[in-house]
Amino acid sequence: MKKIILMTLLMVFAFGQASAQNQAEIKFDKTVHSFGTFNVNNPKQECTFTFTNVGDAPLVINQAVASCGCTVPQYTKTPVAPGEQGTIKVTYNGDGKPAGHFKKSITVRTNGKVEMTRLYIEGDMVE
């Protein structure tokens with residue numbers, strides 16, 4: 001009986017080690033984007049964050065959530081194969097917002113080795 005339990009535990013451990021080796025891993029080209037200075041008459045700004053799956057398994061972005069409603073992320077919905085790239089397009093709309101400096105975050109959750117990454121956008125909207 002002890003041998004059966006021991007063999008079962010060894011098999012579970014071996015399968016756990018094998019599956020941990022094949023894991024997705026996200027790597028961004030940048031994690032901060034500055035829009036610089038822009039006018040309130042042109043309050044809508046866009047940027048794109050590019051990422052690469054540097055892991056051994058398909059990468060899936062489960063969620064990309066902005067810190068406020070003025071920032072909208074759009075991301076690659078399909079699994080990204082190892083070695084392939086995907087994008088997160090971020091649109092900031094400062095319409096109705098006061099002029100000045102802003103900094104917003106986008107929280108990205110994946111099935112990768114690092115499950116959560118924060119991206120940041122910032123800029124100065126002037127009158």
Side-chain angles (χ1 to χ4, degrees):
M1 184 68 174
K2 290 181 182 179
K3 287 184 180 181
I4 292 173
I5 292 172
L6 182 61
M7 291 299 286
T8 303
L9 288 173
L10 286 172
M11 288 177 60
V12 168
F13 179 74
F15 285 127
Q17 289 296 319
S19 66
Q21 292 173 357
N22 292 331
Q23 202 168 15
E25 188 174 349
I26 194 166
K27 183 175 184 211
F28 283 93
D29 61 340
K30 62 181 176 180
T31 56
V32 178
H33 177 83
S34 176
F35 292 114
T37 302
F38 61 95
N39 196 289
V40 295
N41 296 327
N42 186 23
K44 198 172 186 180
Q45 302 291 312
E46 294 180 346
C47 71
T48 301
F49 292 92
T50 302
F51 62 87
T52 304
N53 179 1
V54 295
D56 299 326
L59 174 73
V60 177
I61 295 181
N62 299 318
Q63 188 179 49
V65 180
S67 58
C68 77
C70 61
T71 304
V72 179
Q74 295 175 306
Y75 56 92
T76 303
K77 305 278 194 231
T78 57
V80 178
E84 297 295 317
Q85 291 186 328
T87 59
I88 299 177
K89 179 181 172 186
V90 179
T91 303
Y92 171 77
N93 189 351
D95 192 29
K97 302 284 181 196
H101 183 78
F102 67 90
K103 185 171 187 174
K104 307 294 179 184
S105 67
I106 300 91
T107 304
V108 180
R109 298 189 187 276
T110 72
N111 68 330
K113 189 176 186 178
V114 176
E115 295 178 4
M116 185 188 80
T117 305
R118 282 217 171 86
L119 306 174
Y120 296 94
I121 60 169
E122 63 182 331
D124 290 294
M125 189 166 65
V126 296
E127 296 201 33

Side chains of V80 and F51, heavy atoms from C-beta outward: is any pair under 4.5 Å?
yes
Between R109 and E115, is there a side-chain heavy-atom distance shorter than 4.5 Å?
no
Answer with yes or no whether the hydrophobic clustering places V72 together with F49; edges join I, L, V, M, F, W, Y residues whose side-chain heavy atoms lie under 4.5 Å apart.
no
When you compare the side chain of I61 with that of V108, does any pair of heavy atoms fall below 4.5 Å?
yes
Any donor and acceptor pair, going by atom type alone, linking the side chain of D29 with main-chain N or O of T50 inside 3.5 Å?
yes
Closest contact, heavy atoms only, G55 versus P82:
O-CB, 3.3 Å
Considering only heavy atoms from C-beta outward, does the side chain of V90 approach that of T48 to under 4.5 Å?
no
Enter the distance from I121:CD1 to K103:NZ here, rounded to the nearest 0.5 Å.
11.0 Å
Is it true that K89 and E46 have a side-chain N and a carboxylate O under 4.0 angstrom from each other?
yes
Flag yes if F28 and V65 sit in one hydrophobic cluster, no otherwise; membership is Ile, Leu, Val, Met, Phe, Trp, Tyr, and two members link when side-chain heavy atoms are under 4.5 Å apart.
no
For K104, look at atom NZ and say whether over 12 heavy atoms of other residues, nucleotides or ligands are found less than 6.0 Å away.
yes
Heavy-atom side-chain proximity of P73 to I88 below 4.5 angstrom
yes
Taking Q23's backbone N and O only, do any of them form a donor-acceptor pair with N111's side chain (distance below 3.5 Å, no angle check)?
no
Relative to each other, are the rings of F102 and F38 parallel, tilted or perpendicular (30° and 60° limits)?
perpendicular
Between Y75 and K77, is there a cation-pi geometry (under 6.0 Å to ring centre, at most 45° from the normal)?
yes
With side chains defined as the heavy atoms from C-beta onward, is the minimum distance between L59 and T110 less than 4.5 Å?
yes
Could you verify whether a donor N or O on one side chain and an acceptor N or O on the other, from T107 and R118, lie under 3.5 Å apart?
yes
Checking side-chain contact (heavy atoms from CB on, under 4.5 Å) for the pair K97/M125: CA distance, chi angles, key distance, verdict?
CA-CA 9 Å; K97 302 284 181 196; M125 189 166 65; 4.1 Å; yes
What distance do L119 atom CG and T31 atom OG1 have between them, rounded to the nearest 0.5 Å?
6.5 Å
Gap separating the NZ atom of K30 from the SG atom of C47, nearest 0.5 angstrom
5.5 Å
Is any side-chain heavy atom of I106 closer than 4.5 Å to a side-chain heavy atom of T71?
yes
Short question: side chain of S67, backbone of S105 - any donor-acceptor pair under 3.5 Å?
yes
Donor-acceptor pair, distance only, cut-off 3.5 Å: does the side chain of S34 make one with the backbone of G36?
yes
Smallest separation among heavy atoms of V40 and E127, with atom names
CG2-CA, 3.9 Å
For the atom pair CG (D56) and NZ (K113), what is the distance rounded to the nearest 0.5 Å?
9.5 Å
Residues in ring pair (Phe, Tyr, Trp, His ring centres under 6.0 Å) contact with F35, at least two apart in sequence or another chain:
H33
Any donor-acceptor pair under 3.5 Å linking the side-chain atoms of D95 with those of N93?
no
Taking the side chain as C-beta and beyond, is there a heavy-atom pair between N53 and E84 under 4.5 Å?
no
